[in-house]
**Q** 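Got a structure for you, written out below as structure tokens; questions coming shortly.
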Amino acid sequence: MEYNHKEIESRWQQYWKDREIYKVDIDSSRPKFYVLDMFPYPSGAGLHVGHPLGYIASDIYARYKRLQGFNVLHPMGYDAYGLPAEQYAIQTGQHPEKTTSVNIARYRSQLDKIGFCYDWSREVRTCDPGFYKWTQWAFQQMFNSYYDTEAGKAMPMSRLVAHLEANGTEGLNAASGKEVEFTAGEWNVMTPKEQSDALMNYRIAYLGHTMVNWCPKLGTVLANDEVSEGLSIRGGYPVEQKLMYQWCLRVSAYAERLLHGLDSIDWTDSLKETQRNWIGRSEGAEMRFGIDGSDIELEIFTTRADTIFGVTFMVLAPESAYVSLVTKPECKEAVEAYLNEVKHKTERERMIDKKVTGVFTGAYAINPLTGKKIPVWVSDYVLAGYGTGAIMAVPAHDSRDYAFAKKFDLPIVPLIEGADVSEQSFDAKSGTMINSEGPELNLNGMEVKDAIAATKKFIAEKGIGKVKVNYRLRDAIFSRQRYWGEPFPVYYKDGIPMMLPEDNLPLLLPEIDQYLPTENGEPPLGRAKNWTTPDGCPLELNTMPGFAGSSAYYLRYMDPHNSDALVGEDANKYWRDVDLYIGGTEHATGHLIYSRFWNKFLFDIGKVVCDEPFRKLINQGMIQGRSNFVYRIKDSNTFVSAGLKDRYDVTPIHVDVNIVSNDVLDTEAFRNWRPEFNTAEFILEDGKYVCGWAVEKMSKSMFNVVNPDDIVDRYGADTLRLYEMFLGPLEQSKPWDTNGIDGVNRFLKKLWKLYAGGVSDEPAQAAPLKAIHTLIKKVTADIENFSYNTSVAAFMICVNELTSSKCNSREVLEPLAVVLAPFAPHIAEELWHSMLGHDTTVCDANWPVHDEAHLVEQEVTYPVSFNGKARFNLTVPAAMQKDDVIAAAMAHDGAAKWLEGKEVVKTIFVPGKIVNIVVK
RNA sequence: GCUCGAAUGGUGAAAUGGUAGACACUGGGGACUUAAAAUCCCCUGGCCAUUGCGGCCGUGCGGGUUCGAGUCCCGCUUCGAGCACCA
């Protein structure tokens, strides 16, 4: 009987499906374990062989935990809203929903072939109204909340309104967009519109005028994580800065908690570091500088309060409100010309030409410590969105200020002893202060660190400024001028944004005739008919961004059919949080920040029980493509094998990796591949055409896409699963190379033979027992460490041992089938059922525990070293004690030449490990 | 520029401070076959010695700690990732 993967795999997949083997429910008698994959965006190209890597890894863990007795939640769904489906809709007129469901069906059939243990009854799709109802609901909760900085959590807006009614902004502790002050009296006489605008300054979901990343080509704004180096991540189109009135989420209010939360979760250091960088906490001081001849005060932020005696000019961001306030009439023309010039540059242009530009405002600020007058400039190297949009420039100790000072010939005053600032600035935060003595404060002789503290203390006491923490993390822009996304549950009454009643959720995405902006530039929803409330108020035209639907999907899996809540209390209390989350690093600063924020918000309002959503997170590496090349001799249709190509003038051409096997080209298939190769001639080496290769991104244009369906068809899902794990460490990126897959397939055939000869009930010999218990020990430890590649090797070693010792004892074959089940579930079921005669599924077996007794050695072989260099092996009874082992080593034949004429200085003995004799 | 990670055969890679290269792939040789496929066995880091069982060198580079370092420490080089006019 041969190993027939097709028959076995389809039969077991059907069996699991028919009996709902992987369906899970709350079971308070068993501990829960939640294993989650980052759900995919179902693209039109389908899955390639790289996509399932993480899914296989999590599936192994889920199955392993189940065998250990945990009640394992292991769901899957689809991140169904996204730009590609909409771009396709624009081109073809096809409704994105149609494209999306076709793609989902394709994904599902591909996933099903690999034999995952997902509970598909819990599937979610972000574009399903039953799902996005809760995305809209969460948005409304954020609209109705503010972040109380004293309580350190979100609170209902009603509480804030009550405070404003009673006290105005006096004593208000709320995270806000800008600092404003008004009295209760002023609040109470505001119009409803004015009140609405004032409250937007505090709401967690708010409408705000913000500088956004506008992508004209895509016709929409993008979040910071959707832009890289001034280009859109999707499509690579230029992005420019534009001031727009947009929905935003006050993620910045959570910066400190997002930072602190990292300490309590089990993520890799590099991922935590990435998030820390993205949050960008920086501790410094906010200081006020008076403007000469006016009562305006410039507020600036600095981390180097100690350098205040070296401030030789001030710089404002071009967008700063201070610019128009301080500019002197005689400089107005020049300043406006400069602002105009800056405005027309895109972010990318600003980045590419790092030319130092700027203009003098004519105004002078007064250094509060020295009383000296210092000029105020405008330059685009200062960012409006960070700190206060204004800085004090210390050219001696900041490279950007230095470049500016050199360009405009401004003075440079060194403040640190020994710092040579003739060629460049001295940016290091260390050294002894000089030139830093004023009438009230003297920093001379202090270390930089102490000087910073002393200055902060001084300015706080004098009321010149205060200690302040700034974050790089910005609020998330939450509006997209697109069709294929969640509609906002918002309408406008007399220009005031209002939330739809919760009973009216979900607000369904309307049908439109074309997926383009309207003629007058409104988003696509502007085309929807009757897009109003019943009493005629217009509904919001923007839709939510991609990350909206993915920010709480893990909660929905806990209770996917609940129509009264995102997640019911019982389900949430049982499943709590994700124990293991596996996905790619590309979400480090997007999804993984937003969902932590979203979760913390839901935690604050008492809707979920855990503050952090993902307890442990593993980033699987990317699978790159391995492209193959043929070499065409110039101006001919003759192709030369890779080993001979240097003798000719050749052009490398990508060739479809699916007609290449172990880098050998199927020349017939190549001729049939494309018409122009019909008459191709080949110059072979050793009778074969050998292709060249290179590692590149897996993509259609490189002809290096490998479809898992083809691998499953040829070798089976179990081979695919094992091979993907065998490829290398899970977290490492690596190219897909089909060359090694035969080895794994051979292993399964060998395994099959081991059982196919019949299973005996005789007890096993010592060697097979040792092999199986070594395996159990190794695989258990490896799964816990996600070291799956070494597990696969361990299986091979064990099966080789059992084959060569001709072991067919049930005592050994039974646990082998169980430990294999997470990796190769189909064959494990077949062995368990048909070969071992069980009538239950292997999924209900118990994970075996290794028995040390079988691993104990009767004899131990020590490498005997002289001065650390191993010279011979010594085999002695395991029980032999130190002195006897050393005596035996010295008496051994091999020892004579190393001991001859030398004196033994020292002996080192590590039980079970080594004998080392140090001689002189 | 700042932060994090990595570097081991022809290839993918193993190795709680203890015989470096497990396990595979590729390549070479052999068995079985009329033949091929499949299967099985042997060799496969380099150099030297190979009718003797052996010797020397080897984990990016330079130092250090240790009886002993791929592993720990210090200083580099190269590659990858994240952040980046963030004051």
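Lettering of chains follows the sequences in order, A, B, ..., and the numbering in each one begins at 1.
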**Q** Given atom CG of A/Leu316 and atom C1' of B/rA87, what is their separation to the nearest angstrom?
**A** 13 Å

**Q** Side chain of A/Glu273 only, please: which of B/rA87, B/rU39, B/rC4 is the nearest?
**A** B/rC4

**Q** Can you tell me, in whole Å, how much space there is between the P of B/rA69 and that of B/rG58?
**A** 12 Å

**Q** Using Watson-Crick or G-U wobble geometry with both distances under 3.5 Å, which nucleotide pairs with B/rU39?
**A** B/rA31

**Q** Kindly state whether the ring of A/Phe408 and the ring of A/Phe313 have centres lying under 6.0 angstrom apart.
**A** no

**Q** Considering only the P atoms, how many Å lie between B/rC83 and B/rC74, rounded to the nearest integer?
**A** 28 Å

**Q** On the ring face of A/Trp752, is A/Arg746 found with NZ or CZ under 6.0 Å from the centre and within 45° of the axis?
**A** no

**Q** Please name the nucleotide paired to B/rA14 by Watson-Crick or G-U wobble geometry with both distances under 3.5 Å, or report none.
**A** none

**Q** Rounded to whole Å, how long is the line connecting atom CZ of A/Arg276 with atom P of B/rG5?
**A** 12 Å

**Q** Could you check which nucleotide pairs with B/rG68 in any of the strands shown, counting Watson-Crick or G-U wobble with both distances under 3.5 Å?
**A** none

**Q** Starting at atom CZ of A/Phe313, determine the distance to atom P of B/rA87, rounded to an integer number of angstrom.
**A** 16 Å

**Q** Could you work out the separation of B/rG9 and B/rC57 based on their C1' atoms and round it to a whole Å?
**A** 14 Å

**Q** Mind checking whether A/Phe795 and A/Phe823 have parallel, tilted or perpendicular rings, split at 30° and 60°?
**A** perpendicular

**Q** If you only use heavy atoms from C-beta on, which nucleotide in B/rC85, B/rC83, B/rC4 is closest to the side chain of A/Thr589?
**A** B/rC83

**Q** What integer distance in Å separates A/Asp427:CG from B/rA84:P?
**A** 18 Å

**Q** Would A/Thr738 and A/Tyr715 count as having a side-chain donor-acceptor pair, cut-off 3.5 Å?
**A** no

**Q** Out of B/rC4, B/rA13, B/rA87, which has the shortest distance to the side chain of A/Thr303?
**A** B/rA87

**Q** Counting Watson-Crick and G-U wobble pairs only, both distances under 3.5 Å, name the nucleotide matched with B/rC76, or none.
**A** B/rG60

**Q** For A/Lys468 and B/rA87, what is the distance between atoms NZ and P respectively, to the nearest whole Å?
**A** 13 Å

**Q** Please state the P separation for the pair B/rG82 and B/rG75 - nearest whole angstrom.
**A** 26 Å

**Q** Which part of the nucleic acid, if any, lies within reach of A/Gln275 when heavy atoms closer than 4.0 Å are counted: base, sugar-phosphate only, or nothing?
**A** nothing

**Q** Is there a side-chain contact between A/Ser282 and the phosphate of B/rA87, meaning an N or O under 4.0 Å from OP1 or OP2?
**A** yes

**Q** Quick one: on RNA chain B, does A/Pro729 or A/Val918 contact a more 5' nucleotide (nearest heavy atom)?
**A** A/Pro729

**Q** Phosphate oxygens OP1/OP2 of B/rA13: is one of them under 4.0 Å from a side-chain N or O of A/Gln732?
**A** yes

**Q** Report yes if at least one side-chain N or O of A/Lys734 is closer than 4.0 Å to OP1 or OP2 of B/rG12; otherwise report no.
**A** no

**Q** Answer yes or no: is there an ion pair linking A/Arg276 with A/Asp263, defined by an N-O contact shorter than 4.0 Å?
**A** yes

**Q** If I take atom OH in residue A/Tyr723 and atom P in nucleotide B/rA13, what distance separates them, rounded to the nearest angstrom?
**A** 10 Å

**Q** Below 30° counts as parallel, above 60° as perpendicular, anything between as tilted: where do the rings of A/Trp377 and A/Phe404 land?
**A** perpendicular

**Q** Would you measure the distance from the P atom in B/rA13 across to the matching atom in B/rC67 and give it in whole Å?
**A** 36 Å

**Q** In Å, rounded to the nearest 0.5 Å, how long is the span from CE of A/Met287 to OG1 of A/Thr302?
**A** 6.0 Å

**Q** Closest-nucleotide mapping onto RNA chain B: is A/Ser270 or A/Trp898 further toward the 5' terminus? I mean the 5' end.
**A** A/Ser270

**Q** Whole-Å distance between B/rA87 C1' and A/Ile452 CD1?
**A** 12 Å

**Q** Whole angstrom is fine here: how far is it from OH in A/Tyr386 over to C1' in B/rA84?
**A** 12 Å

**Q** If you measure from the P atom in B/rG55 to the same atom in B/rG1, how many Å do you get, rounded?
**A** 50 Å

**Q** I want to verify a distance call: between B/rU3, B/rA87, B/rU39, whose nearest atom is closest to the A/Thr302 side chain?
**A** B/rA87

**Q** Provide the distance between the two C1' atoms, one in B/rU26 and one in B/rA35, to the nearest whole Å.
**A** 25 Å

**Q** Assign A/Pro735 to base, sugar-phosphate, or nothing according to its heavy-atom contacts below 4.0 angstrom with the strands shown.
**A** nothing

**Q** Would you mind building the protein contact string for nucleotides 17-29 of chain B? One character per nucleotide, 5' to 3', B for base within reach (heavy atoms under 4.0 Å), S for sugar-phosphate only, - for untouched.
**A** -BB--BBSSS---

**Q** Any side-chain heavy atom of A/Arg714 sitting closer than 4.5 Å to one from A/Ile741?
**A** no

**Q** What's A/Arg474 touching, base or sugar-phosphate or nothing? Going by heavy atoms closer than 4.0 Å.
**A** base

**Q** Is the centre of the A/Trp736 ring less than 6.0 Å from the centre of the A/Tyr723 ring?
**A** yes

**Q** Can you tell me, in whole Å, how much space there is between the P of B/rC79 and that of B/rG17?
**A** 30 Å

**Q** Quick one: list whatever passes side chain to side chain contact (heavy atoms under 4.5 Å, CB included) with A/Ala870, sequence neighbours left out.
**A** A/Pro863, A/Ser865

**Q** Have a look at A/Asn867 and say if it touches a base, only the backbone sugar-phosphate, or nothing, with a 4.0 Å heavy-atom cut-off.
**A** sugar-phosphate

